[in-house]
Q: 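Questions regarding the structure given below will be posed in turn.
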Amino acid sequence: MQNKKWSLSYLESRLPFRLLSLIKFGFTGMSGLVIDFSVTWLLKDELHLNKFLANAAGFTMAVISNYIINRLWTFSERERTKVSRQFASFLMVSLVGLLLNSGFVYLFNEQLGLHFYLSKAIAIILVFFWNFSANYFFVFRTGKPE
């Protein structure tokens, strides 16, 4: 029985749903962060595109990946009938997140003189809280017990 206490399903059953969702959302966000930074770097530093265009492209690729992972894993949403409407809502939340993200990058990089990628990292951390709250309460409307 000792091994069962360290299984993922056991740990999931012991955490309140909102906390578990926050943790899963964080892991999903980390995978999105890798995609976001990779695409941004490729477009900005290797292909020499405008840094704000590169930032938007990286953010967009991460959004698509994050929607799929959040739908299937974080919030365990399996109803097929909701996909297009739900993705549209997820996209709207993400676009607000993109505006916030770009605003923070501009503030920290252009106004305060911080390195571009440090500015981007700070922006991602700040926007994380908006993204989780909006997705938890509006997009996926889990209705799961606390």
Side-chain angles (χ1 to χ4, degrees), residues 6-144 146:
W6 295 107
S7 73
L8 184 58
S9 60
Y10 175 78
L11 292 173
E12 287 179 346
S13 72
R14 304 299 294 170
L15 294 173
F17 182 78
R18 189 176 293 163
L19 177 59
L20 180 61
S21 296
L22 179 68
I23 292 167
K24 287 180 171 183
F25 193 84
F27 280 113
T28 301
M30 283 189 262
S31 73
L33 183 123
V34 170
I35 292 168
D36 188 346
F37 270 73
S38 298
V39 170
T40 301
W41 170 81
L42 176 68
L43 297 177
K44 178 186 170 291
D45 293 335
E46 294 300 312
L47 300 178
H48 307 290
L49 294 179
N50 175 278
K51 63 185 168 185
F52 292 104
L53 179 62
N55 185 52
F59 190 86
T60 301
M61 295 302 294
V63 163
I64 293 167
S65 170
N66 285 357
Y67 172 73
I68 294 167
I69 296 169
N70 279 320
R71 180 173 168 80
L72 298 176
W73 182 58
T74 305
F75 300 108
S76 301
E77 182 67 52
R78 305 269 184 211
E79 289 183 39
R80 292 181 191 266
T81 57
K82 290 183 173 180
V83 173
S84 61
R85 186 176 12 188
Q86 190 178 57
F87 182 72
S89 297
F90 188 85
L91 184 59
M92 295 312 291
V93 166
S94 297
L95 288 174
V96 171
L98 175 60
L99 290 173
L100 292 169
N101 182 289
S102 294
F104 285 131
V105 169
Y106 177 80
L107 172 68
F108 297 130
N109 180 243
E110 298 289 326
Q111 299 299 312
L112 299 178
L114 296 179
H115 187 275
F116 176 77
Y117 288 112
L118 176 59
S119 299
K120 186 167 174 62
I122 295 168
I124 287 169
I125 292 166
L126 294 173
V127 174
F128 170 84
F129 295 102
W130 153 257
N131 284 334
F132 176 75
S133 299
N135 281 294
Y136 184 89
F137 291 110
F138 302 113
V139 175
F140 294 99
R141 288 188 209 121
T142 61
K144 305 274 195 246
E146 296 300 314

Q: Give me each pair satisfying side-chain hydrogen bond (donor to acceptor under 3.5 Å, both in side chains) with a member in residues 113-124, each pair once, sequence neighbours excluded.
A: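 The answer is Asp36-Lys120, Asp45-Tyr117, Asn55-Lys120.
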Q: Given the rule in the side-chain contact (heavy atoms from CB on, under 4.5 Å) test, do Phe75 and Val139 qualify, once you have shown the distances and angles that lead to the verdict?
A: CA-CA 10 Å; Phe75 300 108; Val139 175; over 6 Å; no
Q: Are side-chain heavy atoms of Tyr67 and Gln86 found at a separation under 4.5 Å?
A: yes
Q: Taking ring pair (Phe, Tyr, Trp, His ring centres under 6.0 Å) as the definition, give me every residue that meets it alongside Phe128, ordered by chain and number, with sequence neighbours left out.
A: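 Per chain and number, Phe128 pairs via ring pair (Phe, Tyr, Trp, His ring centres under 6.0 Å) with Phe25.
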Q: Please tell me if the side chains of Val93 and Trp130 come closer than 4.5 Å, counting only heavy atoms from C-beta onward.
A: yes
Q: Less than 4.5 Å apart, any side-chain heavy atom of Leu22 and any of Tyr136?
A: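 Heavy-atom side-chain distance check fails, nothing below 4.5 Å.
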Q: How close do Asn101 and Ala123 get, heavy atom to heavy atom, and via which atoms?
A: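 Heavy atoms only, the tightest pair is O-CB, 3.7 Å.
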Q: Minimum heavy-atom separation for Asn131 and Gly97, please, with both atom names.
A: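 Between these two residues, the closest heavy atoms are OD1-CA, 4.1 Å.
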Q: Is the shortest side-chain heavy-atom distance between Ser65 and Thr28 below 4.5 Å?
A: no
Q: Can you find a heavy atom in the side chain of Thr40 that is under 4.5 Å from one in the side chain of Phe116?
A: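 A side-chain contact under 4.5 Å exists here.
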Q: To the nearest 0.5 Å, what is the distance between CG (Leu91) and CG (Leu95)?
A: 4.5 Å
Q: Output, in order, the C-alpha distance, side-chain angles, deciding distance and verdict of side-chain contact (heavy atoms from CB on, under 4.5 Å) for Phe90 and Asn66.
A: CA-CA 10 Å; Phe90 188 85; Asn66 285 357; 4.1 Å; yes
Q: With a 4.5 Å cut-off on side-chain heavy atoms, are Ile122 and Leu114 touching?
A: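 They are in side-chain contact.
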Q: Looking only at non-hydrogen atoms, find the nearest pair between Ala54 and Leu43 and report the distance.
A: CB-CB, 3.8 Å
Q: Excluding sequence neighbours, so at least two apart, what forms salt bridge (Lys or Arg N to Asp or Glu O under 4.0 Å) with Lys51?
A: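 In terms of salt bridge (Lys or Arg N to Asp or Glu O under 4.0 Å), with neighbours along the sequence ignored, Lys51 is linked to Glu110.
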Q: Taking the side chain from Asn109 and the backbone from Val105, do they hold a donor-acceptor pair closer than 3.5 Å?
A: no
Q: Roughly how far apart are Lys24 NZ and Asn70 CG, rounded to 0.5 Å?
A: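 CG of Asn70 is found 10.0 Å from NZ of Lys24.
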Q: Mind checking whether Arg71 and Ile68 have side chains closer than 4.5 Å, heavy atoms only?
A: no
Q: Compare every heavy atom of Gly32 with every heavy atom of Ala62, then report the nearest pair and how far apart it is.
A: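 Shortest heavy-atom separation between Ala62 and Gly32 comes out as CB-O, 3.3 Å.
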Q: Got a second to check how far Leu47's CG is from Trp41's CH2, nearest 0.5 Å?
A: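 Answer for the CG-CH2 pair, Leu47 versus Trp41, is 9.0 Å.
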Q: Between Ser89 (side chain only) and Arg85 (backbone N and O only), is there a donor and an acceptor less than 3.5 Å apart?
A: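 Side chain of Ser89 to backbone of Arg85: a pair is present.
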Q: Measure the spacing between CG of Leu33 and CD1 of Ile125 and express it to the nearest 0.5 Å.
A: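 Atom-to-atom, Leu33:CG and Ile125:CD1 are 8.5 Å apart.
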Q: Do the non-hydrogen side-chain atoms of Thr74 and Phe140 ever get within less than 4.5 Å of each other?
A: no
Q: Could you check whether atom CZ of Phe52 has more than 12 heavy atoms from other residues, nucleotides or ligands sitting under 6.0 Å from it?
A: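 Atom CZ in Phe52 is packed in, count exceeds 12.
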